[in-house]
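Computed from a predicted model, the values in this text were never measured in an experiment. In what follows, every chain begins at residue 1, and chains take the letters A, B, ... in the order their sequences are listed.
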Amino acid sequence: MRIRTIAHMVWLEAIRRKDVYVLLILLGGLLLALVSLNVFGLSGLVRYVADVGLLGAWLFGWILAVVLGARQLPTEESRGTIFALLAKPVSRAELMIGKWLGAWLAASLALAAFYVLTLAVVWARGGHFDPVTLLQALLLHLALLAVLTALALALSTRWHGDAACAGAFVLSGAAFFVVPQVPMLLPDMGRATGLLLHALYYLMPHLELFDLRRRLVHDWGPAPWDTVALTLFYGALFTAVLLMAAWLAYRNKRFPRSEWQ
Amino acid sequence: MPIVNAIEIRGLSVSFAARGSVVHAVRDLDLDVPEGRVFGFLGPNGAGKTTTMHVLLGFLSPTAGRASLFGEDVRRAIARERIGYLPENPDTYRFLSGRELLRMTGRLFRLSGRILRDRADRLIEELALTAAADRPIATYSRGMRQRVCLAQALINDPDLLILDEPTAGLDPIARLDIRRLILRLREAGKTVFFSSHELSEVELVCDHLAIMAGGRLAAQGPARQLVPAGESLEKFFVRVVSQPRGEM
């Protein structure tokens with residue numbers, strides 16, 4: 001009940017701060033502009049609209065998950081509400097899980113809205129998505145948001161909100177764009193750098209595994225379900241490890257106000 | 001059956017490393033707060049009052065010693081089941097309405113349904129928040145925010161209320177409301193442990209006092225016995241906190 005209550009408060013704050021609506025309007029505007037201006041000069045090729053729509057959902061989902069995850073604890077500390085909250089019979093583990101759950105659910109709702117918007121525009125232009133592939137893409141995307149939210153939350157246990165945000169963007173960006181290229185870079189590297197890159201390759205989350213956009217846009221059909229299930233498990237495992245790290249970093253944390261009064 | 005104190009502190013010390021030196025915020029503190037008392041916890045700025053409160057609430061781990069609330073070690077979350085806390089300069093979730101805040105807070109104590117609804121409604125009425133109960137807290141005045149924070153500290157009907165400078169920055173009417181509330185809680189047999197710089201307020205409501213100075217307990221006892229006849233609490237306080245260590 002405590003975890004659910006904390007998550008509910010995070011959810012309410014996310015909904016009432018209107019960040020989600022701004023991104024939704026931005027995505028809607030982008031898609032409508034794309035449809036009406038026909039910037040590619042390829043009338044009827046809805047594949048581009050789908051591609052841009054899903055890219056928007058990815059970008060905005062990424063931003064929301066990181067921002068929501070990173071600001072939870074620093075905001076509680078800076079406005080002093082952490083004291084009233086921890087004065088209740090709430091353990092720091094419950095606090096951590098509740099904050100993560102609320103941030104993940106809020107980012108997930110926004111993501112679902114981004115998908116619905118993209119879907120609506122694609123359908124309006126006469127296109128379609130394979131429903132099974134769409135379901136797989138959405139499930140994997142939700143798992144990705146879980147990892148990103150946990151990463152940002154873990155960093156925010158020791159860093160200020162802005163630093164945690166920046167750190168989570170850099171780390172997740174590196175995980176998405178650099179880590180998959182490591183095997184190609186290895187042959188040109190020395191032994192020490194090679195070992196370092198190897199460690200990086202296995203330690204960092206492989207976020208590219210959660211991306212089914214191309215399969216969806218180019219209608220390649222659903223991925224094997226066992227692969228999807230394994231990737232979901234991988235995401236859950238990474239999320240659990242990050243939350244555990246967050247709890248370890250936070251369980252004995254002293255809050256600055258305590259030290260000088 | 002042994003008498004259990006609402007608060008029991010034994011040999012409590014809290015030190016911090018700060019900018020290359022060690023700050024001893026609290027040193028070897030022993031303190032008992034019996035149930036049903038209004039206990040004033042006084043001291044100048046930096047005396048260690050808030051640090052002690054933060055140890056009691058589990059925000060800080062002591063460097064040495066131990067503390068318990070109703071016999072439960074303060075490091076356990078269960079120790080906070082029977083307490084309410086109002087921080088110094090409280091702020092809260094401004095995106096919630098007053099009523100939502102109380103209901104959310106109640107759920108953290110596993111309250112639900114009619115009990116929670118009735119308790120929230122009663123506190124809203126008692127603390128004169130009825131007209132604003134469904135408005136976002138962002139629209140509240142400072143005094144109203146203080147009252148809604150106090151209401152959330154009372155939602156679990158606590159046996160011990162810990163108040164950190166509850167009247168700081170409030171107008172005389174709001175102070176009077178807080179004073180009345182403390183007296184009402186005392187009549188109901190609750191324990192109130194509060195720090196304040198407002199010695200006139202303290203004189204009016206406290207039956208026990210403890211005075212901290214430089215992280216140590218400088219004086220403690222029943223208010224009537226502690227302050228010598230003919231001396232005001234203010235004079236006594238200044239004399240006690242000004243004395244060099246060893247003369248206390």
Pick one of side chain, backbone, both or neither for [X], based on which atoms fall under 4.5 Å of a heavy atom in chain A.
X	result
B:L69	neither
B:S15	backbone
B:N45	neither

Between B:F59 and A:F83, is a ring pair (Phe, Tyr, Trp, His ring centres under 6.0 Å) present by the stated rule, with each step listed? CA-CA 8 Å; B:F59 305 156; A:F83 297 112; 5.2 Å; yes
With a 6.0 Å cut-off (strictly less than), is the heavy-atom count around [atom1] of [X], excluding the residue itself, greater than 12?
X	atom1	value
B:D30	CG	yes
B:R76	CZ	no
B:I115	CD1	no

Proximal to chain A - members of residues 145-158 of chain B, heavy-atom separation under 4.5 Å: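 From residues 145-158 of chain B, the residues near chain A are B:Q152.
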Under 4.5 Å, heavy atom to heavy atom, which residues of residues 98-108 of chain B contact chain A?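 Only B:E100, B:M104, B:T105, B:R107, B:L108 of residues 98-108 of chain B have a heavy atom under 4.5 Å from chain A.
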How far apart are the closest heavy atoms of [X] and [Y], and which atoms are they?
X	Y	value
B:F95	A:R16	O-NH1, 2.9 Å
B:L96	A:M9	CD1-CG, 4.5 Å
B:G58	A:R92	O-NH2, 3.6 Å
A:M1	B:L111	CE-O, 3.3 Å

Given side chains that start at C-beta, do those of A:L85 and B:Y93 come closer than 4.5 Å, heavy atoms only?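 Touching, per the 4.5 Å side-chain cut-off.
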Rounded distance (nearest 0.5 Å) linking atom CG of B:L57 with atom NZ of A:K88: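 Answer rounded to 0.5 Å: 9.5 Å.
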Using 0.5 Å steps for rounding, measure from the CG atom of B:D91 to the CD1 atom of A:I82.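 Atom-to-atom, B:D91:CG and A:I82:CD1 are 13.5 Å apart.
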Distance-only check: which donor-acceptor pairs under 3.5 Å involve side-chain atoms of residues 154-161 of chain A, not counting sequence neighbours?
from   : atom 1 : to     : atom 2 : distance (Å)
A:S156 : OG     : A:L153 : O      : 2.8
A:T157 : OG1    : A:A154 : O      : 2.6
A:R158 : NE     : A:A249 : O      : 3.2
A:R158 : NH2    : A:A249 : O      : 2.5

Among all residues two or more places apart in sequence or in another chain, which pass the salt bridge (charged side-chain N to carboxylate O under 4.0 Å, His left out) test with A:R4?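 Result, salt bridge (charged side-chain N to carboxylate O under 4.0 Å, His left out) vs A:R4: none returned.
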